[in-house]
Amino acid sequence: MTPARVLPLLLAACVAAAGAATHKVTLLVRADDARLARDRVERAYLGHPGGAAADGLDVALKEAQFELDAAGTAMTLERTAVADAAAARDATARAQKAGHVAVVADLPADWLLAAADAAPLLPLLNVGDAADRLREKDCRAGLLHLLPSERMRADALAQMLVSRRWSQLLLLVGSSAADAERAAVAQAAIGRYGLKIVARKPFKLSADPRERDLANPALLTSAAGGSYDVVWVVDSDGEFARSLPYRTALPRPVVGDAGLVALAWHAQFERFGAPQVSRRFARSAGRPMVAHDWAAWMAGKALVAAAVAAPKGNAAAFARALTTLDLDGSKGVGMAFRSWDGQLRQPLLLTDGQGVVALAPADGVLHPKNNLDTLGADAPEKLCRMKP
Amino acid sequence: MKTPHSLVLALGACTLLAVTHAGAQGVAYVSSEKDHALSVVDLKSMTVTGTVPTCKRPRHLQLTPDGKQMVVACAESNAADVIDLATRQSVRKLPLGDDPEAFDLSPDGKTLYVSNEDEGELTMIDFASGKVLRTVKVGKEPEGVKVSPDGKTVWVTSEVASLVHVIDTATGKVSHNVKVGKRPRRFALTPDGTQLWVTNELGASVSVLSTKDYSVLATIRLDVKGVRDGDVTPVGVTMTRDGKRAFVALGRANHVAFVDVATRAVTHTVLVGKRAWHVALDKSESRLLVCNGLSDDLTFVDVPAAKALKTVAVGRVPYMALIVE
């Protein structure tokens, strides 16, 4: 390193040491994350995480260096792995005590709620759970959601089907509790957009000949119960859904958890500077950027934007900026957290895994204030009592 | 089979010849990001008269100060193609570093300043030899580049950092980082050199900076009747030679705005194509050419009447038009 390059670095170090302007942030992840086991990650099911949440945050903080320096502020990230809800609660309480301005969490819903209750006013950025109850009956004042909710994803798909006039649906639902919850969300979206369910059938992963009615794609999709335009499959696990496209009895597209899937991001998105973001991520993390990575990256972008708006390190000013700023996430529009449930409003990408087929909101779907609010719970529904 | 075929070919050759002669004056070259080619558009007939193959993913186009050559920055080739205007042939390639986007030439034509999107750098290149003179770290996704008329300063926008970097060309030092609106894109300079206009793509605005002290003199909101703020995404900007009027392409609002420079008020908005991206004025300043990135076409706007005259299909994902008269 030449002397000329060392000097500014030293100066920067002095400034950082002297000023109280360093924003400290905690990242909470689950210890021994089953979603990130090698055999799960290798499957690369659409809508599932592709690796650690830290990967996206790292890229966001690294690329913000110039902006943070220019604003005379800085941001540090402390990573903590927690094994249960109690550990998540304790880690959040510790973070607040240590003067951290926010916690980013890639945790299951119940752990997330324990963390939120440990520090009710501390911004808690959810980058890993799409459950609607976190935005509705179990919402919390400080909770902010970067990942789109299941309802937003279902609305995006429903809009796409309406715009194609593919209105007759065969709904296939898995047997897990998550599947039941997500199927209810899908059915509500299907109802909102006036689509029709021709038949709803449970499926099961099985090779048992006695259960073939539940397991065989051709039998499950037979037209005996009436013809349909599309198969909508709800499969939180992913294995069955992946086996469905091109194995249906009728030549019909599959949507939902395979075939065409509504996601926050896809590495093949070509517009609005997205390829640069995907490329920076791939270079840094050594893998393609998936929707969960976008959520983590976006959490970093939001924190940086708030730090630049409130560079002095005042926690209240920081939290205010975070919840009101219009954010840039390389999806072509400014995005902000909805005041009524803390969800980041955002366009969604409809992808078959190879490219981006369409964007939601679909053309022609309108909203009195912001078309992005046609995706997910809207203000008049008042589903979250913890928010004004 | 053979006769009609050769006839067509011969006719084609005649047309091409005619184009090279008549087309030396009064054309626009339009870069198409997905065609690796430039469309040649005749200004008088408002038709596409030919294409010029070039390097991969061509974007920014600019003339050398002598007006004899056109420099094409190609993002996927990591190079510029230097095209001789008389022959429309490539005469040489100039390496530009990783993922070059926009560039500007020093007034003497000796130095080229290019933004490298991936690296977050401004690279200064000796135009004759292609030697890298210096690289300057800037915010991520640098975009617009403009050199001051005296050649002493170069301005660069960073889309990610929402900053305008002010860089001394002699030392490569960043003297100012000016916070502007979200996702700043392109520049226009008033002819007296005192005001630097910067479009903010996600700010639905133009920031007006003083080139004396880099204070923000004004932020001009660009409203289009019946269009929501979020759909107003300004990118391209240009000004008349007398500095009285500016023209801003409003992106997904599918309009261009005419702005009175003195009062900083929008006087007219004109409907053009989808995602209006870049604007260029012809010499008489009576025609404005607008590249529409999402409808793959180019709109001719009659400036005095503030009306779109004609929209012609060009290559896929047109980036900008360079007018040569």
Side-chain angles (χ1 to χ4, degrees), chain A residues 4-5 7-9 59-73 270-284 297 300-301 304-305 307-309 311 325-336 345-347 359 361 363 366-373, chain B residues 33-34 57 75-76 98-99 101 115-121 136-143 156 158-166 171-174 176-185 200-205 227-233 235 251-252 274-275 277 293-294 316-317:
Chain A
R5 289 190 84 162
L7 191 64
L9 274 178
V59 173
L61 296 191
K62 206 157 61 184
E63 73 189 27
Q65 204 49 56
F66 213 102
E67 199 180 356
L68 290 166
D69 288 350
T73 185
E270 284 199 331
R271 299 277 179 198
F272 311 123
Q276 276 82 35
V277 177
S278 294
R279 205 176 294 153
R280 283 201 295 274
F281 180 89
R283 203 177 279 173
S284 162
W297 174 76
K301 297 274 290 180
V304 166
V308 168
L325 279 174
D326 207 33
L327 303 166
D328 177 5
S330 294
K331 296 213 243 185
V333 288
M335 300 177 278
R345 58 167 67 88
Q346 57 186 288
L359 292 184
D363 263 354
L366 300 177
H367 182 277
K369 289 211 177 79
N370 187 332
N371 290 349
L372 293 177
D373 290 337
Chain B
E33 292 197 49
K34 292 215 164 180
R57 199 170 172 213
E76 288 302 325
D98 268 1
D99 209 9
E101 166 117 27
S115 54
N116 295 108
E117 262 197 306
D118 270 8
E119 294 300 322
E121 284 175 350
V136 182
K137 280 269 171 225
V138 294
K140 281 285 183 286
E141 293 181 32
E143 164 106 7
V156 185
S158 161
E159 294 178 60
V160 169
S162 296
L163 295 173
V164 170
H165 307 290
V166 183
T171 64
K173 291 253 167 357
V174 178
H176 297 77
N177 289 307
V178 190
K179 187 90 188 156
V180 289
K182 212 182 321 296
R183 220 163 242 273
R185 287 284 197 169
N200 303 311
E201 190 181 17
L202 291 189
S205 62
V227 177
R228 286 175 183 165
D229 276 3
D231 288 329
V232 177
T233 53
V235 179
R252 277 180 303 109
K274 280 183 89 176
R275 203 181 182 201
W277 181 256
L294 282 184
R316 289 181 61 210
V317 192

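Every chain is numbered from 1, with letters handed out A, B, ... down the list of sequences.
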_Toward chain B, the part of A:Val308 with a non-hydrogen atom under 4.5 Å_ = side chain
*asked:* With a 4.5 Å cut-off on side-chain heavy atoms, are B:Arg252 and A:Val333 touching?
replied: yes
*Closest approach of A:Leu327 to B:Lys182 (non-hydrogen atoms, all atoms of both residues)*: C-CD, 4.1 Å
*asked:* Working to the nearest 0.5 angstrom, can you tell me the gap between B:Asp99 CG and A:Gln276 CD?
replied: 5.5 Å
*Given a strict heavy-atom distance threshold of 4.5 Å, which part of B:Val178 is in contact with chain A: side chain, backbone, both, or neither?*
neither
*Close side-chain approach of A:Arg283 and B:Asp118, heavy atoms under 4.5 Å*: yes
*Is it the backbone or the side chain of B:Asp229 that comes under 4.5 Å from a heavy atom of chain A, or both, or neither?*
neither
*Does the side chain of A:Glu270 reach to within under 4.5 Å of the side chain of B:Lys34, using non-hydrogen atoms?*
yes
*With only heavy atoms counted, which part of A:Asn370 is less than 4.5 Å from chain B, the side chain, the backbone, both or neither?*
backbone
_So which atom in B:Leu163 and which in A:Ala70 form the shortest heavy-atom distance, rounded to 0.1 Å?_
CD1-CB, 3.8 Å
*Would you give the length of the straight line joining atom CZ of B:Arg228 to atom CG of A:Leu372, rounded to the nearest 0.5 angstrom?*
9.5 Å
*Closest approach of B:Asn177 and A:Phe66, non-hydrogen atoms and distance?*
OD1-CE2, 3.3 Å
*asked:* If I measure from the heavy atoms of chain A, does B:Glu119 come under 4.5 Å with its side chain, its backbone, both, or neither?
replied: side chain
*With a 4.5 Å limit on heavy-atom distance, are the side chains of B:Lys179 and A:Glu67 in contact?*
yes
_A:Asp363 atom CG, neighbour heavy-atom count above 12 within 6.0 Å_ = no
*Give, for atom CZ of A:Phe272 and atom CZ of B:Arg183, the distance between the pair rounded to the nearest 0.5 Å.*
10.0 Å
*So what's closer than 4.5 Å to chain B heavy atoms on A:Lys62: side chain, backbone, both or neither?*
neither
*Run the side-chain contact (heavy atoms from CB on, under 4.5 Å) check on B:Glu141 and A:Val277 step by step: do they pass?*
CA-CA 9 Å; B:Glu141 293 181 32; A:Val277 177; 3.8 Å; yes
*Tell me, side chain or backbone of B:Glu159 under 4.5 Å from chain A's heavy atoms, or both, or neither?*
backbone
*Measure the CG-NZ distance between B:Leu202 and A:Lys331 for me, rounded to the nearest 0.5 Å.*
13.0 Å
*Non-hydrogen atoms of chain A under 4.5 Å away: do they reach the side chain of B:His165, the backbone, both or neither?*
side chain
